[in-house]
Number of protein chains: 2
Amino acid sequence: MKPPPAGAGPGRAATIYEVARLAGVSHQTVSRYMADPSKLKAATSEKVERAMAELNYTPNLTARSLRTRSTYRLLALVPGASPYFPSRMLTGAAAAAQDAGYHLDVVALEGSGPDRTERLRRILDGGPFAGALSFVPLAGTDLLQAQERIPVVVAGEYDDQMRGQGRMSDGSAAGSIVAHLAALGHRRIAHIAGPQEWPAARNRLRVYRQAVQEAGLEDGGVAEAEWNAASGYAAAQTLVADRSITAIFAANDQLAVGAIRALHEEGRRVPDDVSVVGWDDHPESAFLVPSLTTVHMDLEAQGSHAMKQLLAALKPGRTPPPEPGTAGMRLVLRESSGPAPRAPGQTSLEA
Amino acid sequence: MKPPPAGAGPGRAATIYEVARLAGVSHQTVSRYMADPSKLKAATSEKVERAMAELNYTPNLTARSLRTRSTYRLLALVPGASPYFPSRMLTGAAAAAQDAGYHLDVVALEGSGPDRTERLRRILDGGPFAGALSFVPLAGTDLLQAQERIPVVVAGEYDDQMRGQGRMSDGSAAGSIVAHLAALGHRRIAHIAGPQEWPAARNRLRVYRQAVQEAGLEDGGVAEAEWNAASGYAAAQTLVADRSITAIFAANDQLAVGAIRALHEEGRRVPDDVSVVGWDDHPESAFLVPSLTTVHMDLEAQGSHAMKQLLAALKPGRTPPPEPGTAGMRLVLRESSGPAPRAPGQTSLEA
DNA sequence: CCGCCTTTTGTTATCGATCACATAATGGAG
DNA sequence: CTCCATTATGTGATCGATAACAAAAGGCGG
């Protein structure tokens, strides 16, 4: 319970009192300098500045927090269940937080339902956080409870004006996928959707359905799955029964891997018999056999952007940064998608 | 006179003064209760306990830190370059830290050399950390500089008695891999090693070499690579020239994916012509085509274990937890490894 | 029952910053 | 040149915990 002193360096760090004495002013003047140097007389301001530089002063954030009842700590909620949650997104967010002088605590939020609500409550009780950034979709009650206390931004979630916070949850690239498949001659395609509590999963599904209809294609069915290969495998097994389906759009690359495996076990070749498209462009996806047609995302930028939204929410004065649109999201064509077979659904009869 | 704060409003958290008043003792007694309840008379202790429960008291860590000049913040250094650093390892560590009442800050450590040393210095200056857990190998100078200030544990690194801190860096399963390949009739095998500044990569290589020799096999060569598929692909391209190599052991699953791709492009089938074995057992690896023979690791337990070592280092009294050995590390046999071809190196002449 | 030592509890100071208020310095209008 | 509103600076209190020291309570031999 009692950690040893930190930073037992060469002498203790300087305090405002030492700075004040050296500058020949009161400690409060030093404090004012930090709040807003322009409110001091230029001469005073300069004296303080010099003293600070000489003593190599850095403010004690602990003391400041105690007095102001604010903290410089933010909370990052990451999915505990998703074993390979892209850490780039997290490091992007962490970097943005640190640039703003905040520290980012990581907590894995596992499970679901009341269990998770309880866990969230305990975390929020544990220490005062200035805000929270969640990479996990939060149920309505969780969110309300959390937001009673601190600003919460759910990456890829909607803001309170119900404008989608673009980027992470933007599903528009699903339109490109459908168009790509249609251009290759596919007529009947299917979708393996992610967990529908994730806005990103919902948007991909929504855009998929709309695009299929607009392109005049047949919807071969939608199977919902978790964000992992095992679940994609299981979902695809239900879809492969319909041999007239010649293309599958999976909501992420892991699902696509599982789907390809399921097709392989059914003796159906990718892309000769069935095309498969993923989403996320994992670094491995270009090296799979077949390499995966997918949607590239700049995960680090997305994490950083989500954090900037949170930081903006912490300062009531400032407005959130403008939505940078879908930059960095683009369809990458690789081997797993190809022309529809000549006689769709008849591959087994060709021999 | 210093009366306790006016009203224990439902909004603000209770303080020791309020607890003390309710329990009919002094605030210092409450403080003592938290330090060690057994030092109080049983009756007093119980009164405090009841008051705490009634007020739902949680100590203000900020105030405590200010007085004790200590912090409850730990630093987690994760590789910024590795896009899919297993976040499970991180969440395991975070959970262990939180159980001990610490908060874990995440920082991505990118680049290398003096650049990185500078970045590390800035981070350590930024706020007082009680300790640091690095998932990145630290160069000698970085490490020394950091350890001057706070305890540092590098996951998978050696401790100061040069006992390997087992688990993460344990390479013994490489022996199982070589034995497995030898049993399948392979005579000449190769290794794609990870970056040699990582102890885990060095140990896998070391055990590989030793096992190859002991099994009386031929070492077909070692290619060093980064921890990603692209690098595994490039490394394998140099190895496939030697067509007498019938098996490749890659230091992790991503490298194996890259290697399989390179073999595929050379027209060599896996496992019919060449067997490939990975390490880590990514959740996707079971669903690849071919599914990957690999070494399963319990990443979350490893992260948690590394954190426990750090926590032990923070309390000079306690000794580090016993090394739990290689539990959870085991070879998983799948499709990517199979019997050596009848006429090794002659596959292209069979037709 | 006293005195002395040990255990238990209470009182006041302190960590390093900001806040609230008091006071000194400045500046423009009359 | 005075007066008063403004601006700039200083003084003391405060956040919530622990540290240091003081005092009270309990135990035991003589």
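Source: prediction; values computed, not measured. Below, read A as the first sequence line, B as the second, and so on, with proteins coming before strands; counting in each chain starts at 1.
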inquiry  = Using the side-chain heavy atoms of H27(B), tell me which of these nucleotides is nearest: dG10(D), dA13(D), dT18(D).
reply    = dT18(D)
note = Rounded to the nearest 0.5 angstrom, the CZ-NE2 distance for R73(A) and H103(A) is 9.5 Å
Residue-phosphate contact under 4.0 Å: S65(A) side-chain N/O, dA17(C) OP1/OP2 = no
request  = Would you please confirm or rule out a distance under 4.0 Å between OP1 or OP2 of dG10(D) and any side-chain N or O of S26(A)?
outcome  = yes
query = CZ of R69(A) versus P of dT14(D): gap in Å, rounded?
reply = 13 Å
task = Would you kindly give the CZ-to-P distance between R67(A) and dG16(C), to the nearest whole Å?
result = 16 Å
task = Starting from P on dT18(D), measure out to NZ on K39(B) and report it in whole angstrom.
result = 14 Å
5′-ward residue of the pair K41(B)/K41(A) relative to DNA chain D = K41(A)
task = In whole angstrom, give the distance that lies between atom CG of L40(B) and atom P of dG26(D).
result = 15 Å
request  = Between dT9(C), dG16(C), dA17(D), spot the one nearest the side chain of R64(B), thanks.
outcome  = dA17(D)
query = Over how many whole Å does the gap from Y17(A) atom OH to dT9(D) atom P extend?
reply = 18 Å
message = Once you apply a heavy-atom cut-off of 4.0 Å, does T62(A) come out as touching a base, just sugar-phosphate, or nothing?
response = nothing
task = Indicate, with a heavy-atom threshold strictly under 4.0 Å, whether Y57(B) touches base, sugar-phosphate, or nothing.
result = sugar-phosphate
task = Name the closest nucleotide to the T68(A) side chain, picking from dT18(C), dT18(D), dG16(C).
result = dT18(C)
ask   = Roughly how many Å is it from CZ in R21(A) to C1' in dG16(C), rounded to a whole number?
value = 15 Å
request  = By nearest nucleotide on DNA chain C, pick out whichever of A35(A) and T29(B) is the more 5' one.
outcome  = T29(B)
task = Taking the side chain as every heavy atom from C-beta outward, state whether V78(B) and V107(B) have any pair of such atoms under 4.5 Å apart.
result = no
key: Closest heavy-atom pair and its distance - L314(A), A130(A)   = CD2-O, 3.1 Å
task = Could you check how far CG of N60(B) sits from P of dC15(C), rounded to whole Å?
result = 18 Å
query = Judged by modelled atom types alone, do S26(B) and T29(B) share a side-chain donor-acceptor pair under 3.5 Å?
reply = yes
key: Salt-bridge present (E46(B), R50(B); N to O < 4.0 Å)   = yes
query = Just how far, in rounded Å, is P of dA22(C) from CD of Q28(A)?
reply = 15 Å
